[in-house]
Amino acid sequence: MGTDVQSFAVANLRRRPVLVEAGGFVAGFEPGTTSPYINYATPLPGIRPTARDVKELIEAFRVRDLKPRLEFAPDAAPAVEPALREAGFSVEAVHAYLVCTPDRLTLLQDTESGPAAVPVAVPSTDEDYRAIDAALSEAFVGEFASSPEGAARLRRIQEDGGAVRFVRAPDGGCAGGATCSAPAVGTAELAGVGTRPAFRGRGIAAAVTAALTETMFARGAQSVWLEYSGEGSRRVYERVGYQPLGTRLYMILEG
């Protein structure tokens with residue numbers, strides 16, 4: 001599965017507005033934000049980069065005043081981590097990823113208080129996208145600020161073959177939501193599952209995860225994968241049918 005996840009990472013970055021391919025690396029950039037979670041690179045599966053390849057990749061970030069940063073599945077490109085370390089990169093994080101296939105998807109049963117009773121909505125207005133962006137910013141405290149650009153990115157995901165789903169708050173805003181990229185090479189990445197603190201513990205994360213996963217399978221994806229941040233979230237995803245299958249490595253060049 002590592003090669004599938006890595007091939008997807010390459011295909012997904014190639015959708016970015018600004019693309020640089022250097023020495024077997026693919027770097028995707030988005031004007032309007034300096035976020036390292038949006039502007040990063042990934043290697044082609046199986047590459048064996050030289051010092052010159054890595055230097056060329058670093059320069060692609062430096063000319064844009066961005067920190068060189070990569071996300072990748074190390075088992076799909078085992079020669080990459082040593083080459084990056086040699087150039088001064090360090091490990092920022094190691095994240096396990098979970099995968100769901102159509103035969104494992106569990107659509108939550110309707111109960112009075114169960115997650116399936118949570119109504120999941122599809123955004124349709126600018127106000128919806130702004131509310132989702134603001135809710136996710138609140139859910140992921142300190143990672144990014146809500147902005148018009150963030151709301152526009154959410155709309156592009158929905159309009160370019162991916163999907164955005166959310167649960168409305170009683171005031172008409174957003175209690176929580178998530179996104180899923182358009183499928184590529186048979187798989188899709190579900191990301192940004194976030195619930196505002198005041199609405200946690202109500203099954204929102206499970207509901208939007210199940211809805212997005214079902215949507216991607218209906219569009220022909222053979223699998224959907226995601227990363228998780230803690231044991232609590234892992235249990236939520238496993239209830240929907242996700243299982244751990246590998247890790248992704250995040251590396252960054254400081255200074």
Side-chain angles (χ1 to χ4, degrees), residues 1-31 33 35-64 66-85 87 89 91-101 153 156-157 159-163 179-192 212-213 216-217 219-228 245-253:
M1 188 67 200
T3 299
D4 291 343
V5 167
Q6 188 54 37
S7 296
F8 169 85
V10 170
N12 197 44
L13 273 183
R14 283 175 171 158
R15 295 167 172 159
R16 292 293 164 81
V18 178
L19 178 68
V20 175
E21 301 207 28
F25 294 99
V26 175
F29 303 106
E30 185 149 343
T33 178
S35 171
Y37 305 109
I38 295 174
N39 300 291
Y40 62 91
T42 201
L44 297 175
I47 69 163
R48 303 184 63 84
T50 65
R52 182 176 179 178
D53 294 335
V54 176
K55 183 177 180 181
E56 187 178 352
L57 174 68
I58 292 171
E59 183 60 21
F61 283 83
R62 295 297 196 211
V63 298
R64 294 171 173 82
L66 298 170
K67 284 187 178 181
R69 182 176 177 277
L70 294 93
E71 300 181 6
F72 61 101
D75 59 336
V80 170
E81 182 182 355
L84 294 178
R85 286 185 181 275
F89 282 79
V91 173
E92 179 184 59
V94 179
H95 291 174
Y97 63 82
L98 309 177
V99 178
C100 186
T101 52
R153 281 193 294 275
R156 284 201 302 275
I157 290 171
E159 294 178 348
D160 292 346
T179 70
C180 198
S181 63
V185 297
T187 191
E189 180 187 9
L190 197 153
L212 283 167
T213 305
M216 290 300 107
F217 290 155
R219 295 181 185 177
Q222 298 161 10
S223 65
V224 179
W225 63 277
L226 56 79
E227 296 179 5
Y228 68 93
L245 283 183
T247 60
R248 294 228 306 157
L249 184 62
Y250 291 18
M251 298 190 71
I252 190 166
L253 182 63

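Every heavy atom of this structure was used, including side-chain atoms; hydrogens, water molecules and symmetry mates were not. What you are looking at is a predicted structure, and each value in this text was computed from that prediction instead of being measured.
Considering only residues two or more places apart in sequence or on other chains, Glu92 meets the salt bridge (charged side-chain N to carboxylate O under 4.0 Å, His left out) condition with Arg69. Annotation: side chain to side chain contact (heavy atoms under 4.5 Å, CB included) contacts of Thr33 (sequence neighbours excluded): Glu30, Ser35, Ile38, Asn39, Arg153. Annotation: side chain to side chain contact (heavy atoms under 4.5 Å, CB included) contacts of Pro31 (sequence neighbours excluded): Pro17, Val18. For Ala191, the side chain to side chain contact (heavy atoms under 4.5 Å, CB included) partners at least two apart in sequence or on another chain are Thr179, Glu189. Partners of Pro74 under the side chain to side chain contact (heavy atoms under 4.5 Å, CB included) rule, at least two apart in sequence or in another chain, are Phe72, Thr247, Leu249.
Taking the six-membered ring for Trp and thresholds of 30 and 60 degrees, Tyr250 and His95 have ring planes inclined between 30 and 60 degrees apart.
Here the straight-line distance linking atom CZ of Phe61 with atom CG of Leu70 works out to 6.0 Å at 0.5 Å rounding. Note: Met251 CE to Phe89 CZ = 7.5 Å, rounded to the nearest 0.5 Å. The CG atom of Leu13 lies 9.0 Å from the CZ atom of Phe29; values are rounded to the nearest 0.5 Å. Considering CD1 of Ile157 and SG of Cys180, their distance stands at 9.5 Å, rounded to 0.5 Å. Expressed to the nearest 0.5 Å, how far CG of Leu190 lies from CD of Glu227 amounts to 11.5 Å.
The existence of a salt bridge linking Arg85 and Glu81 is confirmed by a sub-4.0 Å separation between a basic side-chain nitrogen and an acidic carboxylate oxygen.
Under the 3.5 Å distance criterion, the side-chain polar atoms of Thr42 are left unmatched by any main-chain donor or acceptor of Val26.
Each of Thr213, Thr101, Thr187 was scored for a side chain to side chain contact (heavy atoms under 4.5 Å, CB included) with Val224, with one residue passing: Thr213.
Pro183 approaches Ala188 most closely through the heavy-atom pair CA-CB, 4.0 Å. A pairwise comparison of heavy atoms in Gly161 and Met216 identifies O-CE, 4.4 Å as the closest pair. Across all their heavy atoms, Pro68 and Ile58 have their closest contact at CG-CG2, 4.0 Å. When all heavy atoms of Asp53 and Pro49 are compared, the closest pair comes out as OD2-CA, 3.6 Å. The minimum heavy-atom distance between Ala60 and Val63, with the atom names listed, is O-CG2, 3.5 Å. Shown here for Gln6 and Pro43, the closest heavy-atom pair between the two residues is NE2-O, 2.7 Å.
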task: Run the numbers on Val185 and Asp4 for side-chain contact (heavy atoms from CB on, under 4.5 Å), then give the verdict.
output: CA-CA 7 Å; Val185 297; Asp4 291 343; 5.9 Å; no

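Around CZ of Arg48, the count of heavy atoms belonging to other residues, nucleotides or ligands within 6.0 Å does not exceed 12.
For the salt bridge (Lys or Arg N to Asp or Glu O under 4.0 Å) condition, the pairs that include at least one residue of residues 14-29, sequence neighbours left out, are Arg14-Glu21.
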